Amino acid sequence: VKKLLTFLSCLYFLPQVCGSIILGVSIWIRVSGAQQVNPCSHTSITMFAGVNLLIAVGAIIMVLGFLGCCGAIKESRCMLMLFFIGLLLIVILQVTGGILGAVYKSKVELAVNLTLEANVDALQSTTGVYKEYQESFQEFERENQCCGLLNGPKDWGENFNKPFSKICQCDLENPSSSDLCTKYQGRYIYKK
């Protein structure tokens with residue numbers, strides 16, 4: 001039984017390592033991203049919400065892994081009980097989140113669509129206020145070989161037809177034979 005408990009304690013150590021990795025990477029993203037994003041930008045708050053959530057999740061997983069590992073090695077009922085309660089709370093939160101997501105699906109979709117529409121308005125802006133956001137979104141489109149947020153190239157409005165515009169432009173050598181590209185208003189753009 002003692003050898004089995006020691007083996008299981010090694011398995012309890014894995015969540016602690018995973019939690020540490022998640023925590024470290026998310027903190028690195030948060031710190032490096034904070035230097036690159038304008039804090040006055042309308043997207044900076046929503047961009048870091050996911051990173052902040054990852055920091056919290058990584059910290060919780062790391063603490064739970066520590067409780068499970070040390071509780072198994074030291075045979076501490078208190079630590080193992082805290083580990084069990086933590087895992088039980090996580091399962092309850094996941095089930096609750098799934099139920100709430102199913103019940104309020106239309107409200108969640110509405111909130112996501114409102115956020116996307118605000119970002120589409122920023123893409124269509126011709127005043128230059130959102131120029132930095134538009135340029136970073138163009139870079140995102142090139143990297144991910146996609147075009148637009150909701151309605152493809154129509155999301156760019158008048159900006160799509162500006163002279164020398166490379167918005168959504170498909171950068172393949174033979175775009176007509178690719179499944180990634182389609183012809184739109186006389187030029188090849190990404191389908192996605």
Side-chain angles (χ1 to χ4, degrees), residues 8-74 76 78-123 130-150 152 155 168 190 192:
L8 290 176
S9 69
C10 291
L11 293 178
Y12 289 130
F13 183 69
L14 290 176
Q16 186 176 7
V17 170
C18 293
S20 300
I21 291 170
I22 291 170
L23 183 63
V25 169
S26 57
I27 288 174
W28 176 70
I29 290 171
R30 175 73 171 158
V31 170
S32 66
Q35 296 169 355
Q36 297 173 0
V37 174
N38 180 3
C40 299
S41 170
H42 72 288
T43 59
S44 62
I45 294 172
T46 57
M47 184 188 315
F48 288 127
V51 175
N52 292 339
L53 180 65
L54 278 177
I55 290 172
V57 167
I60 290 169
I61 290 174
M62 192 174 80
V63 169
L64 283 178
F66 174 77
L67 287 173
C69 183
C70 288
I73 290 173
K74 296 189 178 220
S76 170
C78 180
M79 286 181 154
L80 289 174
M81 188 58 91
L82 286 173
F83 176 72
F84 171 75
I85 291 171
L87 289 179
L88 183 65
L89 286 174
I90 288 173
V91 168
I92 290 170
L93 286 173
Q94 286 179 337
V95 170
T96 304
I99 291 170
L100 289 174
V103 170
Y104 295 110
K105 182 181 177 184
S106 62
K107 290 185 179 181
V108 170
E109 287 176 353
L110 179 66
V112 169
N113 284 338
L114 286 175
T115 303
L116 289 176
E117 286 173 10
N119 288 331
V120 167
D121 291 342
L123 290 178
Y130 298 110
K131 184 177 182 182
E132 185 178 316
Y133 171 70
Q134 291 169 346
E135 289 171 353
S136 63
F137 194 78
Q138 284 181 43
E139 182 64 30
F140 174 81
E141 287 177 332
R142 272 190 293 277
E143 289 174 5
N144 294 291
Q145 298 178 337
C146 60
C147 183
L149 284 169
L150 294 172
D155 292 343
C168 301
Y190 291 113
K192 292 195 281 183

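Treat the numbers as computed from the prediction; the structure is a model and nothing was measured.
Considering CG of L80 and NZ of K74, their distance stands at 12.5 Å, rounded to 0.5 Å. For the atom pair CG (L82) and SG (C70), the distance works out to 12.0 Å, reported to the nearest 0.5 Å. One distance of note links NZ of K107 with CG of L100; it measures 11.0 Å at 0.5 Å rounding. Rounding to the nearest 0.5 Å places CG of L89 at 9.5 Å from CZ of F84. Atom CG of D155 sits about 7.5 Å away from atom SG of C147, to the nearest 0.5 Å. Atom OG of residue S136 and atom OH of residue Y130 lie 13.0 Å apart, to the nearest 0.5 angstrom.
Applying the salt bridge (Lys or Arg N to Asp or Glu O under 4.0 Å) test to E139 and every residue at least two apart in sequence or in another chain returns R142. Residues forming a side chain to side chain contact (heavy atoms under 4.5 Å, CB included) with L23 (at least two apart in sequence, or on another chain): I27, I55, A59, M62. For E141, the side chain to side chain donor-acceptor pair (under 3.5 Å) criterion is met by W156, not counting sequence neighbours.
Between Y133 and N119 there is a side-chain heavy-atom pair separated by less than 4.5 Å. With contacts defined as side-chain heavy-atom distances shorter than 4.5 Å, the pair L87/V91 does not qualify. Residues L64 and I90 have side chains in contact (heavy-atom distance under 4.5 Å, counting atoms from C-beta outward).
Pairing each heavy atom of N52 with each of R30, the nearest pair is OD1-NE, 3.5 Å. When all heavy atoms are compared, the tightest approach of G148 to C168 is N-SG, 4.1 Å.
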